[in-house]
Amino acid sequence: MENIRNQTFTNIEVIMVNGGLTDNSGEICKEFAEKDSRFIYLYQENSGVSDARNYGGSIVTGYLLYCVSGCG
């Protein structure tokens, strides 16, 4: 995420969905979203990877969707 934040290309949105994880990753994602408007943090109760992916995909405004971590 640091590499993405350091990009000079500004026409990008990074949607991060916390699907109920109990580690510190949610806080890290929140910090990125607070510091850079290209990052969007969403929280959802744990209901599975597909629901989290669909939730994130429902707010995408661009043309390319690339899913990382947990996308089969």
Side-chain angles (χ1 to χ4, degrees):
M1 291 187 341
E2 282 290 340
N3 287 336
I4 294 171
R5 186 169 68 178
N6 292 330
Q7 292 287 327
T8 57
F9 185 67
T10 58
N11 191 16
I12 188 173
E13 62 184 355
V14 179
I15 300 170
M16 304 169 291
V17 180
N18 179 347
L21 295 173
T22 57
D23 62 6
N24 195 35
S25 58
E27 292 302 316
I28 294 168
C29 291
K30 280 185 202 177
E31 288 177 21
F32 272 87
E34 290 170 0
K35 294 178 183 175
D36 190 325
S37 63
R38 297 174 297 175
F39 289 82
I40 300 165
Y41 174 76
L42 305 171
Y43 178 83
Q44 167 178 329
E45 292 296 322
N46 188 349
S47 61
V49 173
S50 294
D51 282 347
R53 181 176 53 238
N54 292 339
Y55 180 40
S58 72
I59 69 156
V60 170
T61 61
Y63 298 105
L64 177 64
L65 175 62
Y66 181 74
C67 190
V68 180
S69 181
C71 296

So CG of Asn54 and CD of Gln44: to nearest 0.5 Å the spacing works out to 9.0 Å
Distance check, rounded to the nearest 0.5 Å: Glu31 atom CD versus Met1 atom CE? 9.0 Å
What pairs of donor and acceptor atoms, side-chain ones from residues 14-23 against any protein atom, are under 3.5 angstrom apart with sequence neighbours left out?
| unit_1 | atom_1 | unit_2 | atom_2 | d |
| --- | --- | --- | --- | --- |
| Asn18 | OD1 | Gly20 | N | 3.0 |
| Asn18 | OD1 | Leu21 | N | 2.8 |
| Asn18 | ND2 | Tyr41 | OH | 3.1 |
| Asp23 | OD1 | Ser25 | N | 3.1 |
| Asp23 | OD1 | Ser25 | OG | 2.6 |

Same cluster or not: are Ile40 and Tyr55 linked, directly or through other Ile, Leu, Val, Met, Phe, Trp or Tyr residues, by side-chain heavy atoms under 4.5 angstrom apart? yes
If the condition is side-chain contact (heavy atoms from CB on, under 4.5 Å), which residues does Glu27 pass it with, not counting sequence neighbours? Asn24, Lys30
Do Thr61 and Glu13 come close enough that some side-chain heavy atom pair is under 4.5 Å? yes
Pairwise ring pair (Phe, Tyr, Trp, His ring centres under 6.0 Å) hits with a residue in residues 8-33, at least two apart: Phe32-Phe39
Looking only at atom types and distance, does a side-chain atom of Arg38 sit under 3.5 Å from a main-chain N or O of Arg5, one as donor and one as acceptor? yes
